[in-house]
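The next block holds one structure in the form of structure tokens; read it before the comments.
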Amino acid sequence: MLLNVSTNTRPPIEVHNEKVINAPAERVWDLLADVERWPSWWRLCKWVKKESARSFTWKAHPVTLRSTIVAKARPREFAITADGLGVHAERAVTVTPSLDGRSTVVTSPETQVGPLPWLGRLILAPRLHAANDAMFEALARAAMQWTWS
């Protein structure tokens, strides 16, 4: 007899975050797209080493990740892939300005696959959602007080 093999290709971890930020979309996007400045406003990002225009290595507590920028369309879209020990993540950030241009809605779906997400999905998914919320809070604070130095 043939065994019934599941064809479910859904990632073990899927999170979706959204935040309204009281700053113009261009400012929010500029902070997101400047990966080398992430550690200045995002406390979970310890360091970033840019390797090329589209690739960089960074430490997101406690994991070191190799990332590639897969979409970069100012001021609307920024997306990366990230690979670390036992994990592959894909994250897209959509930046949508309000009608008056004074605030911005930031949305971000993220998926993670690999042995680590499969084994720890029940614990890691809620933690990832909380970490992404904290990132958006930090992004909002930085965007509201941001000036290029």
Side-chain angles (χ1 to χ4, degrees), residues 10-149:
R10 224 177 135 168
I13 295 180
E14 294 179 287
V15 298
H16 184 272
N17 296 77
E18 184 171 311
K19 172 118 181 107
V20 176
I21 296 176
N22 293 319
E26 290 80 6
R27 183 181 304 164
V28 172
W29 191 91
D30 287 345
L31 284 163
L32 279 171
D34 188 355
V35 298
E36 290 175 295
R37 287 186 181 243
W38 285 359
S40 72
W41 57 266
W42 182 17
R43 95 179 152 80
L44 290 182
C45 180
K46 301 301 180 190
W47 53 262
V48 174
K49 179 184 174 200
K50 199 161 183 183
E51 296 162 357
S52 73
R54 295 222 172 248
S55 65
F56 59 100
T57 303
W58 57 297
K59 183 160 182 138
H61 178 73
V63 181
T64 299
L65 299 162
R66 292 171 320 282
S67 286
T68 301
I69 299 169
V70 295
K72 192 173 182 180
R74 186 177 196 270
R76 304 275 190 210
E77 181 183 20
F78 183 77
I80 64 170
T81 61
D83 292 287
L85 185 61
V87 64
H88 171 79
E90 296 182 2
R91 181 175 200 177
V93 180
T94 303
V95 178
T96 307
S98 64
L99 292 177
D100 65 7
R102 291 187 215 167
S103 64
T104 303
V105 177
V106 180
T107 57
S108 178
E110 181 173 346
T111 60
Q112 292 189 358
V113 296
L116 186 60
W118 276 111
L119 292 172
R121 65 188 172 273
L122 297 177
I123 296 168
L124 295 176
R127 287 184 179 184
L128 178 62
H129 192 273
N132 288 350
D133 274 346
M135 177 198 179
F136 280 174
E137 287 293 329
L139 177 61
R141 282 190 303 275
M144 289 186 283
Q145 56 187 270
W146 176 72
T147 60
W148 283 113
S149 40

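As the structure is a prediction and not an experimental result, all values here were calculated from the model. The chain is numbered in sequence order, starting from 1.
- Between Trp58 and Phe56, the ring planes are tilted. Angles from 30° to 60° get that label.
- Residues Val95 and Pro75 come closest through the heavy atom pair CB-O, 3.2 Å.
- Although no hydrogens or angles enter the test, the distance criterion places a donor-acceptor pair under 3.5 Å between the side chain of Trp29 and the main chain of Glu77.
- Looking at Arg37 and Val48, their side chains never come closer than 4.5 Å, going by heavy atoms from C-beta outward.
- Taking both residues in full, the closest heavy atoms of Pro117 and Val87 are given as CG-CG2, 3.7 Å, listed atom of the first, atom of the second, then distance.
- Taking CZ from Arg43 and CE from Met135, the interatomic distance works out to 13.0 Å, rounded to the nearest 0.5 Å.
- Within the 3.5 Å criterion, the main-chain N or O of Ala143 finds a donor-acceptor partner in the side chain of Arg27.
- Between Pro39 and Val35, the shortest heavy-atom contact is CD-O, 4.1 Å.
- Atom NZ of Lys50 is surrounded by more than 12 heavy atoms from other residues, nucleotides or ligands within 6.0 Å.
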Start with the C-alpha gap between Glu90 and His88, add the side-chain angles, then the distance that decides, and say whether side-chain hydrogen bond (donor to acceptor under 3.5 Å, both in side chains) holds.
-> CA-CA 7 Å; Glu90 296 182 2; His88 171 79; 3.0 Å; yes

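- Atom CZ of Arg102 has 12 or fewer heavy atoms from other residues, nucleotides or ligands within 6.0 Å.
- Once rounded to the nearest 0.5 Å, the distance linking CG of Leu32 with CH2 of Trp41 reads 5.5 Å.
- The heavy-atom pair separating Leu65 from Ala60 by the smallest distance is CD1-CB, 4.2 Å.
- To the nearest 0.5 Å, the span separating OG on Ser98 from CG on Asn22 amounts to 9.0 Å.
- By the 4.0 Å N-to-carboxylate-O rule, Lys19 lies close enough to Glu137 to be salt-bridged with it.
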Given the rule in the side-chain contact (heavy atoms from CB on, under 4.5 Å) test, do Glu110 and Ile13 qualify, once you have shown the distances and angles that lead to the verdict?
-> CA-CA 8 Å; Glu110 181 173 346; Ile13 295 180; over 6 Å; no

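- The CH2 atom of Trp38 lies 10.5 Å from the CG atom of Leu139; values are rounded to the nearest 0.5 Å.
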Chi angles and distances behind the side-chain contact (heavy atoms from CB on, under 4.5 Å) call for Val93, Val106 | CA-CA 7 Å; Val93 180; Val106 180; 3.5 Å; yes

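- Between Pro12 and Gln112, the closest heavy-atom pair is CD-O, 3.2 Å.
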Worked check of side-chain contact (heavy atoms from CB on, under 4.5 Å) between Trp47 and Thr64 = CA-CA 9 Å; Trp47 53 262; Thr64 299; 4.0 Å; yes

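- If you take CZ on Phe78 and CD1 on Ile69, they are separated by 4.0 Å, rounding to the nearest 0.5 Å.
- Distance alone, capped at 3.5 Å, is enough to place a donor-acceptor pair between the Thr104 side chain and the Ala23 backbone.
- With hydrogens and angles disregarded, a donor-acceptor distance shorter than 3.5 Å links the side chain of Asn17 to the backbone of His129.
- The CD atom of Glu18 sits 10.5 Å away from the OG atom of Ser108 when rounded to the nearest 0.5 Å.
- Within 6.0 Å of CZ on Arg127 lie no more than 12 heavy atoms contributed by other residues, nucleotides or ligands.
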